[in-house]
Structure formats: C-alpha cells, structure tokens
Number of protein chains: 2
Amino acid sequence: MALEHLFQGSALNAVDAKGRVSVPAFLRSVIERRGDARSIVLAKHDAFPALSAYDPAYAALRHSKLERLLEKEETNPDAEVEYQRRNMMAFAATEETPYDSSGRIVLPPMMRRKGGIEDLALFLGTGETFQIWNPKLFLADARIPEDMKDIARFRLEERGLGA
Amino acid sequence: MALEHLFQGSALNAVDAKGRVSVPAFLRSVIERRGDARSIVLAKHDAFPALSAYDPAYAALRHSKLERLLEKEETNPDAEVEYQRRNMMAFAATEETPYDSSGRIVLPPMMRRKGGIEDLALFLGTGETFQIWNPKLFLADARIPEDMKDIARFRLEERGLGA
DNA sequence: AACTATGACATGAAAACCCATTGTATCCCC
DNA sequence: GGGGATACAATGGGTTTTCATGTCATAGTT
C-alpha cells in the first residue's frame with residue numbers, strides 16, 4: 001500500500017458550543033483526493049490521549065488488507081475471536097462524521113470524551129492519518145518532543161493564547 | 001471480495017414491549033447502499049452470545065463464495081457434507097426481517113432468545129456485518145476488550161442508565 | 001369479541017443544513 | 001511596491017429535517 005496523498009501540517013481551531021470544529025482545509029483536500037467522501041472517521045488513538053482520524057477510503061483499505069492476511073490462517077479457533085476483536089476495535093469503536101459545506105464536523109460526545117477535547121482542537125498531520133489533540137494534554141505529555149510542543153505553543157500564541 | 005460500504009459505529013436502542021427496535025440510521029444507510037433491500041438477515045453469532053446481522057445482498061455474496069469453494073475441492077468426499085452443513089447454517093438458521101418506514105424491525109422470538117436480547121439492544125458495526133448484543137451480556141463477556149466495554153458503558157450513560 | 005400482529009401517525013430531541021460575518025491571504029492593476 | 005478588490009477559511013447563529021420511540025388504528029385470528 002503506497003498512499004499517494006499524505007496528511008501533513010498543523011492547525012489549532014476552536015470547538016464551538018455545539019461541539020463543532022472546522023477541519024483545516026489542507027487536511028480536507030487530502031481526504032477528497034484520496035476518495036470522494038466528505039466525511040472523516042474518528043477513533044481513540046491507541047497510544048495517546050487524543051483522537052486518530054482518517055478518511056473512509058483509508059478505513060476500507062485497512063480492512064481489505066487484514067482480510068487477505070487472515071485467509072491464510074483461518075483454521076485456528078482462537079483466531080476467530082481475535083479477528084472479531086480487531087473488527088470491533090476497527091469499526092465499532094469508531095465514528096464516521098460528515099463535514100458540512102463549510103468544512104466543519106461535530107465531534108461526537110463519545111469522541112470528545114475519549115480524546116479529552118475541550119474548546120480547542122490541535123490538528124496534526126501524520127502521514128496516512130492525522131491526530132486531533134486537546135493542546136493542553138499535548139503540552140503535558142512527557143512523550144512528546146519539545147520541538148513538537150513548540151509548534152503547539154506557536155499555534156496558541158497566534159490566537160493570543162500564549163502562556 | 002472488496003466491499004465498498006462497511007458497517008461502523010455503535011448505538012444503544014430500546015426494544016419495546018412488542019419486540020420492536022429501531023435499526024440505527026447509519027447502519028440502514030449502508031444496507032441500502034449495498035443493495036436496494038429494506039430488510040436485514042439475522043443469525044446467531046458463532047463465537048458470541050449475540051446476533052450477527054447483515055443485508056440480503058451480503059448473504060447472496062457469501063453463498064456464491066461457498067459454492068466456488070466447493071467446486072475447487074470436489075474430489076474430497078467430506079467436502080459435500082461440509083458444504084451442506086454450512087449451507088444449512090447460512091440459510092435455515094437465519095431469519096430475514098424487513099424494517100418498516102421508520103426503520104424498525106421486529107426481533108423474531110427465536111432470535112431474541114438465541115441472542116439473549118431483553119429490553120436494550122446494543123448495535124456494533126464490524127465491517128462486513130454488524131452485531132446486536134444484550135449490553136448486559138456484552139459487559140459480562142471476558143473476551144471483550146475493556147476499551148470496547150467502555151463504549152457500551154458510555155452508551156448506557158447517555159440514556160441515564162449508568163451503573 | 002378479545003387478542004395479536006403490523007402499519008401509520010405524533011412528538012421531542014438532536015443532527016444536518018443554510019446563510020451571514022469576519023479575518024486573512026492572494027491577486028491584479030496602477 | 002502600494003492599495004484595493006477578491007477569494008477562501010474559520011466561525012457564529014438560526015432553521016429545517018431526521019431519528020428514535022411512544023401511541024393509536026387497522027386487519028386478521030382464534
């Protein structure tokens with residue numbers, strides 16, 4: 001799988017009272033070049049207190065890849081439950097949310113909680129997917145390199161929210 | 001087989017006194033995009049105390065796949081019996097039930113019992129199919145990852161049914 | 001006639017949709 | 001290079017539509 005269009009760049013956008021956020025235009029353009037969908041898939045990130053996001057076409061691609069892998073070893077009885085677990089995490093634990101004509105999505109309440117998102121959303125392109133962080137949690141995480149935190153600080157300053 | 005439209009997301013809906021339940025709209029929309037049917041096929045899940053569900057078009061796809069498999073190994077004498085066994089499960093052990101204009105289906109009594117469904121139905125999209133659980137059984141099953149149970153707990157909380 | 005099954009309608013809440021405003025970067029012409 | 005016009009991005013607000021679900025109506029059964 002060699003994806004042609006990759007997510008990159010960073011932005012800090014406001015979450016309004018209805019839980020809406022603008023998905024940065026430079027990320028939306030990647031989504032639309034990858035497929036023709038106008039929605040994004042959200043999941044809790046498995047390592048960080050943040051959300052992982054991508055387009056529906058990428059989700060389908062991941063799935064078909066996994067299927068092909070499993071056809072080879074379908075006889076193992078434990079493999080069945082393990083297969084179910086992975087599908088649950090890949091599909092039931094995610095939510096697909098469409099963006100409107102001005103590029104906004106509503107962060108579903110469950111995802112807002114799982115990602116610890118409050119009134120600011122930090123978008124980070126990371127290649128095949130992108131991440132959505134509460135900037136406060138980002139700056140507080142010891143695993144994040146200082147150079148990356150500088151970027152978050154810069155985005156905050158831009159908005160007059162510098163420490 | 002590369003399915004374009006996959007089931008994803010989760011929801012918790014009420015089962016009324018008559019055994020009717022709304023199929024979540026986001027699952028219905030996948031069913032209708034896969035074919036033009038307005039019904040779902042129900043079966044006991046083979047690994048979990050729950051129901052497995054999908055659209056009629058997917059059932060047909062499964063069937064033709066099984067047929068092709070039989071053709072390949074027709075030299076094996078056991079293959080015919082195995083084929084009959086699987087075919088029986090795929091058809092006799094399932095029920096197709098249409099949903100009405102407001103998206104509700106009646107859970108057939110046999111399926112209600114096989115799936116252990118009571119007055120709440122937890123819907124989980126798992127890609128090619130989706131599952132219907134009694135949330136109580138879901139939370140009690142040791143094979144379900146804790147992250148998934150969190151989702152069920154969140155759906156219960158949303159309804160004011162938190163533990 | 002009572003019961004049951006099923007389709008139709010009503011309601012309240014939530015989600016999707018549309019339009020308006022602002023700020024910022026871009027372009028073009030002088 | 002400056003100044004103004006233009007296009008697009010982000011955001012605020014209001015209106016319409018859809019969803020889930022409760023309730024009723026109809027029709028068939030025993």
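In what follows, chains are A, B, ... by sequence order, proteins preceding strands, each numbered from 1. Atoms considered below: every heavy atom in the structure, side chains included; atoms not considered: hydrogens, waters and symmetry mates.
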Might you list the N or O atoms of the protein lying below 3.5 Å from N or O atoms in nucleotides 1-6 of chain C, with each pair's distance?
residue: C:dT6; atom: O4; partner: B:Lys18; partner atom: NZ; Å: 3.2

(message) Counting only heavy atoms and a strict 4.0 angstrom limit, can you tell me which residues of residues 114-126 of chain B come near DNA chain D?
(response) none
(message) Mind checking if A:Val15 touches a base, just sugar-phosphate, or nothing, with heavy atoms under 4.0 Å?
(response) nothing
(message) For the CG atom of B:Leu137 and the CD1 atom of B:Ile117, what is their distance to the nearest 0.5 Å?
(response) 7.5 Å
(request) Using the heavy-atom set of chain A and a strict 4.0 Å cut-off, write down the first and last nucleotide of DNA chain D that makes it in, 5' to 3'. (result) D:dA9 to D:dG14
(request) Rounded to the nearest angstrom, tell me the gap between atom CG in B:Asn13 and atom P in C:dA14. (result) 14 Å
(request) Rounded to the nearest 0.5 Å, what's the gap from CG on B:Asp36 to CD1 on B:Ile31? Could you check? (result) 12.5 Å
(message) Within the 3.5 Å criterion, strictly below it, is a donor on B:Tyr54 or B:Glu128 matched to an acceptor on the partner's side chain?
(response) no
(request) Answer yes when A:Glu158 and A:Arg153 have at least one side-chain N-carboxylate O distance shorter than 4.0 Å, and no when they do not. (result) no
(request) May I ask you to say what B:Val21 touches in the nucleic acid, namely base, sugar-phosphate or nothing, with a heavy-atom cut-off under 4.0 Å? (result) nothing
(message) Please report the interatomic distance CG(B:Asp100) to CD1(B:Ile105), rounded to the nearest 0.5 Å.
(response) 10.0 Å
Acceptor/donor pairs from residues 6-18 of chain A side chains to any protein atom, 3.5 angstrom cut, sequence neighbours excluded:
residue: A:Ser10; atom: OG; partner: A:Arg155; partner atom: NE; Å: 3.1
residue: A:Ser10; atom: OG; partner: A:Arg155; partner atom: NH2; Å: 3.2
residue: A:Asn13; atom: ND2; partner: A:Ser22; partner atom: O; Å: 2.7
residue: A:Asp16; atom: OD1; partner: A:Lys18; partner atom: N; Å: 2.8
residue: A:Asp16; atom: OD1; partner: A:Gly19; partner atom: N; Å: 3.1
residue: A:Asp16; atom: OD1; partner: A:Arg20; partner atom: N; Å: 2.9
residue: A:Asp16; atom: OD2; partner: A:Arg20; partner atom: NE; Å: 2.9
residue: A:Asp16; atom: OD2; partner: A:Arg20; partner atom: NH2; Å: 3.2

(request) Please indicate whether A:Arg86 has more than 12 foreign heavy atoms, meaning atoms of other residues, nucleotides or ligands, lying under 6.0 Å from its CZ. (result) no
(message) Measure CG/A:Leu107 against C1'/C:dA16 and give the value in whole Å, please.
(response) 15 Å
(message) Restricting to non-hydrogen atoms, name the atom on B:Ser39 and the atom on B:Glu96 that form the minimum distance, rounded to 0.1 Å.
(response) OG-OE2, 2.7 Å
Please list, for nucleotides 20-25 of chain C, all pairs of protein and nucleotide N/O atoms separated by less than 3.5 Å.
none

(message) Taking NZ in A:Lys149 as the centre, count heavy atoms belonging to other residues, nucleotides or ligands within less than 6.0 Å. Is the count above 12?
(response) yes
(message) I'd like to know if B:Glu157 pairs up with A:Arg113 as an ion pair, taking the criterion as any Lys NZ or Arg NE/NH1/NH2 lying under 4.0 Å from an Asp or Glu carboxylate oxygen.
(response) yes
(request) To the nearest 0.5 angstrom, please state how far the CD atom of A:Glu80 sits from the CZ atom of B:Phe48. (result) 7.5 Å
(request) Quick one: pull up CD1 in A:Ile144 and CG in A:Asp150 and give me the separation to the nearest 0.5 Å. (result) 12.5 Å
(message) Restricting to side-chain hydrogen bond (donor to acceptor under 3.5 Å, both in side chains), what partner residues turn up for B:Ser52, sequence neighbours left out?
(response) none
